[in-house]
Number of protein chains: 2
Amino acid sequence: MTKASDRAYDMIRAMILSGELAAGDPVREEALAERCGVSRTPVRDALRRLEADLMIRKTESQRSFVSDWSLDDVGDAFELRAMLEGYAAKRAAAHMTAEVLRRLRSCNEAIGAAISGNHPDVATFLDRNREFHALVLETAGSRRLTNLLTALIEQPVVWRTAHHYSPEAFQRSYSEHDDLLSAFERRDGAWAETIMAGHIRRAFHAYSDAHQGLNEMERGAA
Amino acid sequence: MTKASDRAYDMIRAMILSGELAAGDPVREEALAERCGVSRTPVRDALRRLEADLMIRKTESQRSFVSDWSLDDVGDAFELRAMLEGYAAKRAAAHMTAEVLRRLRSCNEAIGAAISGNHPDVATFLDRNREFHALVLETAGSRRLTNLLTALIEQPVVWRTAHHYSPEAFQRSYSEHDDLLSAFERRDGAWAETIMAGHIRRAFHAYSDAHQGLNEMERGAA
DNA sequence: TATCGCTTTATTGTATACAATTTGAGAAAG
DNA sequence: CTTTCTCAAATTGTATACAATAAAGCGATA
């Protein structure tokens with residue numbers, strides 16, 4: 001799938017991430033085809049991929065809806081991520097090279113710079129954070145593991161979490177990456193695994209706290 | 001996807017499992033469409049699913065081939081399964097009900113009966129074994145976990161393993177299920193997790209040994 | 001003879017028309 | 001007033017034709 005299918009995928013994904021398509025909204029192929037300027041064929045393709053990403057679910061009768069995520073669902077996803085990314089970190093430690101280490105360091109330096117000022121550059125943080133984790137995953141060297149994790153990361157819910165991070169949360173994320181670098185330098189897989197699992201779990205609690213706060217605000221406003 | 005797409009999926013999958021389509025073989029949409037008596041559209045659909053199952057891989061230029069599995073790949077898949085099914089067992093222990101327990105026992109009794117004679121009924125063993133594991137997974141109650149594991153189980157390679165089991169291996173599998181039942185009865189999640197992880201790992205070594213044997217036979221015959 | 005570049009062929013990607021299915025509204029019966 | 005049945009509208013599934021792209025063959029040239 002080249003142009004049209006990718007275009008549809010990116011556009012629909014963006015609509016969901018931006019909230020233009022809200023959780024629970026029905027998703028009709030023809031409407032999206034028109035909206036994206038392509039035919040239904042690549043849209044169906046894109047919907048299938050988004051379903052694999054769990055951003056869309058289908059009813060028994062094959063109608064599509066934007067997925068809604070309960071806090072339990074999110075907790076579930078984070079727990080699985082903690083386990084799988086922990087395993088990835090352990091394997092990455094075993095396969096670590098000087099070149100990868102250099103790139104990981106460079107990534108985390110960019111993260112440090114992005115969050116150092118008064119106005120943290122969240123977009124850069126997210127990009128480099130994704131790059132960091134992708135690099136670890138790649139170094140783990142398991143196609144299958146990569147496949148599995150792809151379905152878990154970059155969920156809408158995860159994606160928006162960092163927008164509610166406190167300055168301390170950003171700092172903590174940065175320094176956990178730094179710890180991870182130490183573990184990789186020493187090729188200490190068990191340590192890397194522990195740090196990574198904790199790193200993901202902390203991200204969940206950051207999300208959970210922010211979510212809690214949002215709910216209270218909503219209740220207060222209502 | 002109803003008729004045509006499912007038909008294509010089942011037929012192509014069967015072709016791969018039976019070896020009619022061997023590892024590394026190119027997979028052309030039109031040829032399969034003709035073979036399955038449907039058009040290319042549902043075939044493309046089926047190929048997409050098979051790719052998610054890792055039974056097919058696509059090159060950068062989107063041409064499809066039947067996946068080949070090195071021993072390392074298989075080990076990888078089993079290790080991930082051990083981790084994820086172990087986790088599933090832990091969760092299942094927490095959510096266990098009398099009804100599910102009853103069904104699990106019934107499953108394993110059927111397995112016991114299938115392997116008791118001189119000629120183990122491998123088909124029944126495989127069916128009931130799958131049912132047993134599916135039930136545990138369902139009881140774990142995590143859609144996401146189910147999603148992830150679906151990509152790992154029922155690989156061609158896994159599927160054929162039991163055909164090389166020794167009588168002792170069948171017996172061991174049966175009695176490990178029995179241990180699992182004990183853990184579930186006592187709602188001991190940690191125990192269930194340990195047993196399940198070991199169970200999957202043992203299955204890998206059974207595969208690995210059989211594979212080794214096959215390779216030696218091939219070398220001997222050549 | 002090896003290699004580069006063009007032409008031809010094979011294969012996949014996309015659009016569109018049509019078939020099958022599901023949903024929902026409204027009428028008829030209880 | 002509720003329920004159920006029927007039929008129309010909306011939506012997805014499939015087939016087919018055509019467009020785009022990648023592989024392969026083939027010749028010219030160094």
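Just so it is clear: chains get the letters A, B, ... in the order the sequence lines come, proteins before strands, and each one is counted from 1.
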Between Arg40(A) and Ser64(B), the residue closer to the 5' end of DNA chain C by nearest nucleotide is Ser64(B)
Presence of [X] side-chain N/O under 4.0 Å of [N] phosphate oxygens OP1/OP2:
X        : N       : answer
Lys58(A) : dT12(D) : no
Arg28(A) : dT11(D) : yes
Ser61(A) : dT23(C) : yes

Check for a donor-acceptor pair, side chain of Arg187(B) on one end and backbone N or O of Met96(B) on the other, with a separation under 3.5 Å. yes
For Phe204(A), is there any backbone N or O sitting under 3.5 Å from a side-chain donor or acceptor partner on Ser208(A)?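 No: the side chain of Ser208(A) does not pair with the backbone of Phe204(A).
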Between dT21(D), dT12(D), dT12(C), spot the one nearest the side chain of Glu29(B), thanks. dT12(C)
Would you mind classifying the nucleic acid contact of Thr41(B) as base, sugar-phosphate or nothing, using non-hydrogen atoms under 4.0 angstrom? base
Quick one about Ser70(A) and Asp73(A) (side-chain donor to acceptor, distance below 3.5 Å, no hydrogens or angles considered), yes or no? yes
Atom-to-atom span, CZ of Phe65(B) to C1' of dT12(C) - whole angstrom: 12 Å
Using whole Å, report how far CD of Glu34(B) lies from C1' of dT14(D). 17 Å
Do Tyr87(A) and Leu148(A) have side chains that get closer than 4.5 Å, going by heavy atoms?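 They are not in side-chain contact.
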